[in-house]
Amino acid sequence: MGGHFFLPKPSNLSFYNALLQECLESSDLQTGKMLHTNILKSGFLSQIFLTNRLIQLYFKREDSHDARKLFDEMPQRDSFTWNIMIAGYVRSKDIIGARKIFDGYVWRNDISWNTIIRGYVQEGKGSIALNLFNQMIIQGLKPTHFAVSSVLRACAGLSWLKTGKLLHGLIYRFGLEGNVVVCTSLIDMYCKCRELTNACHVFNRMPERNIVSWNAILTGYSQNSLGEDCFRMFIEMLEFGLKPDHITFAVLLSSTAALANLVQGKQLHGFIVKSQFGSDVYVETALIDVYAKCGSVDNARQVFNSMTKQNTVSWSSMVIAYAQNGYGKEAISLFEELLNSGFKPDAITFVGVLMACSHSGLVDEGCRYFDIMQRVHGIEPDKTHYTSLVDLFGRAGYLKEAVELINSMPVKPDAAIWGALLGACRVHRDPELGQLAASKVFELEPQNASAHMLLCHIYSECGNWDDAAKLRAKMKNLGIKKDPGYSWIEVDNVVHRFVADDDSHPWIDEINIALKKLIEQIEHIGYVFYPSSPFNHKIEEGRESYHSEKLAIAFGLISTPTEKTIRIMKNLRVCGDCHNTIKFISQLSGREIIVRDVCRFHHFRSGKCSCGDYW
DNA sequence: TTAGGGTTAG
């Protein structure tokens, strides 16, 4: 309707109403305003429902000022007027404005309560929402699925399991136990509180399930690091005859990224391109992340370039994709582009930039970004930013500065912050400070296996076998188990998994022979076996035992064409000796080797690695 | 003849 200035003279209310409805649907404020004038002239403004529609239209165009003006000038209002005002302010993210209307409305009904409660949940003020819910019940209103789903979401956001369970008990009193919306919210609440058993219980007992409920349970598996189960459930969903939607794909991709499964990622990508969800910004952003986590930064960039609609999250994903893969300069230059693009960087974007600076050893730039984050962009640094900053200083060898930062930061340092310092102590061989950092981690997380292992490595790398052995014994006493290290490699669309001392791979003999020969060859160009711990590399009765990443790389070398990049994923950190070995292998073979371990990416080319972690 | 709802990406 936009652009058509000729309007027939409306002669009755329903005609005005129909026209206004059309304006609302197309967000056509211009025509709406003309109608407004006409309505005024014809004296129809006394018809409350027409003014209500106009108020809605103003809110839709984010003009709460004119909406308010109209509201103030109304000689008479009805319940719709008040509730439209509350909802309008909630939509404009003005919860205070919404609350003022709500408080001023004496005849609040069920919808007024639901709207304001929802508003607080959306603003992240779940406890206020729960308080209002309580008041609503005290006033004798029986909550419907609208209010109950909102407060369940509040519990999910706050991880308030106890309150969530209380609400679960209450839904029987309200007769909502069979309601699909309430059950879906319950599933989501349990999943976000890491109570998957309860979530499944609710899911299995639902009288009816739709795509939203399935998506909720898939999300639960995905966000609780149960990627395999997520896909198992997805297959089950298909067998039930449900059609996946864009949310399903976003969730599946997120699982795929966590599993670093490039084969699966590509399969999903192909499927998505052919589906109608190929230009959904959530799906595309998840796809960028899949490729980034699989070390395929070029594919990530292709997806990013092909996007028709972008937002801060998609830009941040690409910045992080570069940063994680060791392309610090590219990450920073994309970030600078973002600043000129009209999108606003947020807290996570800055984590990506700081990560990039840390990777490239750009300490001054990192400090500058940290500064402008607060001063220019008004973002208060949280623990993740301080962790990045400690990592930035620590990796660059400024251990003293890192400690000073920890002692002066306004947030209470957590295990991740001390862990970053501990990692830096390993790289720069500072056993005293390492011991201090580790003790802080142990105070906060006594069962933290990776901190124990890091300290153990620090001891052994300094030749302090005694303390290393003592720490091992302590771990055994405390029942702290290091996960078995395994590595994956994909060859011809099949994922091969290797574990040290595991002979089950059909090519294991060829792999061992190739590896032995390879090590002999790299010894000629300067490689020296340097055990990062006496437990690292065993030679028993003439049979060698190699770390899983070495097995995976040897398999990659003998089973793929010489020009092909070898990509390995590892569930733990790559040890110093393996890191060194891979450097030499990349030099000897001329192969590009990408290893993604649990902490970061290592990109080996011609005897060098991008990570800068090891000596 | 107008108002309120559950699941998604970094």
Side-chain angles (χ1 to χ4, degrees), chain A residues 13-14 16-18 20-21 24 47-57 59 78-88 90-91 109-119 121 143-153 156 176 179-189 191-192 206 209-220 222-223 244-255 257 277 280-290 292-293 300 303-304 307 310-321 323-324 345-352 355:
Chain A
L13 285 177
S14 61
Y16 272 128
N17 182 48
L20 269 175
Q21 173 137 28
L24 255 173
Q47 295 296 325
I48 301 176
F49 76 86
L50 285 181
T51 321
N52 290 345
R53 283 237 200 252
L54 272 171
I55 293 176
Q56 266 189 295
L57 183 59
F59 270 123
D78 61 11
S79 69
F80 288 91
T81 320
W82 289 89
N83 288 335
I84 287 169
M85 285 299 289
I86 300 170
V90 164
R91 268 180 68 127
N109 62 15
D110 171 55
I111 294 174
S112 336
W113 283 95
N114 295 339
T115 312
I116 195 74
I117 288 173
R118 180 80 209 160
V121 176
T144 60
H145 68 270
F146 290 100
V148 174
S149 59
S150 291
V151 285
L152 281 171
R153 192 188 160 117
L176 292 169
N179 184 287
V180 63
V181 174
V182 168
C183 290
T184 305
S185 302
L186 266 176
I187 291 169
D188 184 54
M189 181 275 294
C191 291
K192 299 245 159 49
M206 281 172 84
R209 303 180 199 109
N210 58 21
I211 184 67
V212 185
S213 7
W214 278 94
N215 285 340
I217 197 82
L218 292 176
T219 304
S222 171
Q223 291 179 344
D245 66 4
H246 61 290
I247 295 181
T248 320
F249 283 115
V251 175
L252 293 177
L253 285 169
S254 169
S255 259
F277 310 117
D280 179 89
V281 66
Y282 280 80
V283 171
E284 290 171 307
T285 307
L287 211 41
I288 292 176
D289 192 44
V290 169
K293 294 253 163 52
V303 175
F304 179 75
M307 289 174 81
Q310 283 168 332
N311 60 19
T312 298
V313 183
S314 56
W315 278 80
S316 306
S317 305
M318 197 58 227
V319 170
I320 292 166
Q324 284 175 329
D346 64 13
I348 300 178
T349 325
F350 276 99
V351 173
M355 211 196 289

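Values below: every heavy atom of this structure, side chains too, minus hydrogens, waters and symmetry copies. In the text below, chain A, chain B and the rest are named by the order of the sequence lines, each starting its count at 1.
Of the possible donor and acceptor atoms, one in the side chain of S314(A) sits under 3.5 Å from a partner among the backbone N and O of N311(A). Looking only at distances, no side-chain donor or acceptor of N114(A) sits under 3.5 Å from a matching main-chain atom of I117(A).
Protein atom CZ of R118(A) is 6 Å distant from nucleotide atom P of dT7(B), rounded to whole Å. One interatomic measurement links the two molecules: CG of N52(A) to C1' of dT1(B), which rounds to 10 Å at whole-angstrom precision. As rounded to whole Å, 19 Å separates atom P of dA9(B) from atom CZ of F304(A). Counting to the nearest Å, the C1' atom of dG10(B) and the OH atom of Y282(A) are 11 Å from each other. To the nearest angstrom, C1' of dG5(B) lies 12 Å from CG of L176(A). Rounded to whole angstrom, the span from the CG atom of D188(A) across to the C1' atom of dT7(B) amounts to 7 Å. Here the C1' atom of nucleotide dA3(B) and the CG atom of L57(A) are 16 Å apart, to the nearest Å. Residue D280(A) contributes atom CG, which lies 13 Å from atom P of dG10(B) at whole-angstrom precision.
Residue contacts shown for S150(A) are absent, as no nucleic acid heavy atom lies under 4.0 Å away. Residue contacts for S112(A): at a heavy-atom cut-off of 4.0 Å it reaches no nucleic acid atom on any strand shown. Counting any heavy atom pair closer than 4.0 Å across all strands shown, V180(A) reaches a base atom. Residue-level contact check: I320(A) touches the backbone only, with heavy atoms under 4.0 Å from sugar-phosphate atoms and none from bases. Within 4.0 Å of V313(A), counting heavy atoms only, lies at least one base atom of the nucleic acid. Counting non-hydrogen atoms under 4.0 angstrom, T248(A) reaches nothing in the nucleic acid. Using a 4.0 Å heavy-atom distance criterion, Q310(A) is classed as making no nucleic acid contact. Across all strands shown, D289(A) has heavy atoms under 4.0 Å from sugar-phosphate atoms exclusively, and none from any base. Within 4.0 Å of N109(A), counting heavy atoms only, lies at least one base atom of the nucleic acid. No contact: V148(A) has no heavy atom under 4.0 Å from any strand.
The stacking criteria are not both satisfied for F80(A) over the base of dA3(B), which would need a centre-to-centre distance under 5.5 angstrom and an angle between ring planes under 30 degrees. With centroids closer than 5.5 Å and planes inclined by less than 30 degrees as the test, F49(A) and the base of dT2(B) fail to qualify as a stacked pair.
The side chain of S317(A) has dG10(B) as its nearest neighbour among dT8(B), dG10(B), dT7(B). Of the candidate nucleotides dG10(B), dT8(B), dG6(B), dT8(B) has the atom nearest to the side chain of T219(A). Here dG10(B) is the nucleotide among dG6(B), dG4(B), dG10(B) with the atom lying nearest to any side-chain atom of T285(A). Residue K293(A) has its side chain nearest to dG10(B) when only dG10(B), dT1(B), dA3(B) are considered. Set against dG10(B), dG4(B), dG6(B), the side chain of I111(A) has dG4(B) as its closest nucleotide. Of all nucleotides listed (dT2(B), dA3(B), dG5(B)), dA3(B) comes nearest to the side chain of S79(A). Checked against dA3(B), dG10(B), dG6(B), the side chain of N83(A) finds its nearest nucleotide in dA3(B).
A side-chain donor-acceptor contact under 3.5 Å links S112(A) and N83(A). A donor-acceptor pair shorter than 3.5 Å cannot be found between the side chains of D289(A) and S317(A).
For dG10(B), the OP1/OP2 oxygens have a side-chain nitrogen or oxygen of S254(A) closer than 4.0 Å. For dT7(B), one of the phosphate oxygens OP1 or OP2 lies less than 4.0 angstrom from a side-chain nitrogen or oxygen of R153(A). Regarding contacts with the backbone of dG4(B), every side-chain N or O of Q56(A) stays at 4.0 angstrom or more from both OP1 and OP2. In terms of phosphate contacts, K192(A) brings a side-chain nitrogen or oxygen within less than 4.0 Å of OP1 or OP2 of dT8(B).
You'll find the ring centres of W113(A) and F146(A) outside the 6.0 Å limit.
Side chain N114(A) to base dA3(B): no donor-acceptor pair is found below 3.5 Å. The base of dG6(B) is paired with the side chain of T184(A) by a donor and an acceptor separated by under 3.5 Å. Counting distance only, with no hydrogens placed and no angle test, the side-chain atoms of S316(A) and the base atoms of dG10(B) include a donor-acceptor pair under 3.5 Å. No hydrogens or angles were tested; on distance alone, a donor-acceptor pair under 3.5 Å links the side chain of D110(A) to the base of dG4(B). Judged by distance alone with a 3.5 Å cut-off, a donor-acceptor contact links the side chain of N210(A) to the base of dG6(B).
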If you apply the rule side-chain contact (heavy atoms from CB on, under 4.5 Å), what do you find for Q223(A) with K192(A), and how did you get there? CA-CA 8 Å; Q223(A) 291 179 344; K192(A) 299 245 159 49; 3.5 Å; yes

- request: Verify side-chain contact (heavy atoms from CB on, under 4.5 Å) between V303(A) and V290(A), making sure each step is shown before the conclusion.
  value: CA-CA 11 Å; V303(A) 175; V290(A) 169; over 6 Å; no

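The only option from D188(A), T184(A), T248(A) that meets the side chain to side chain donor-acceptor pair (under 3.5 Å) definition with N215(A) turns out to be T248(A).
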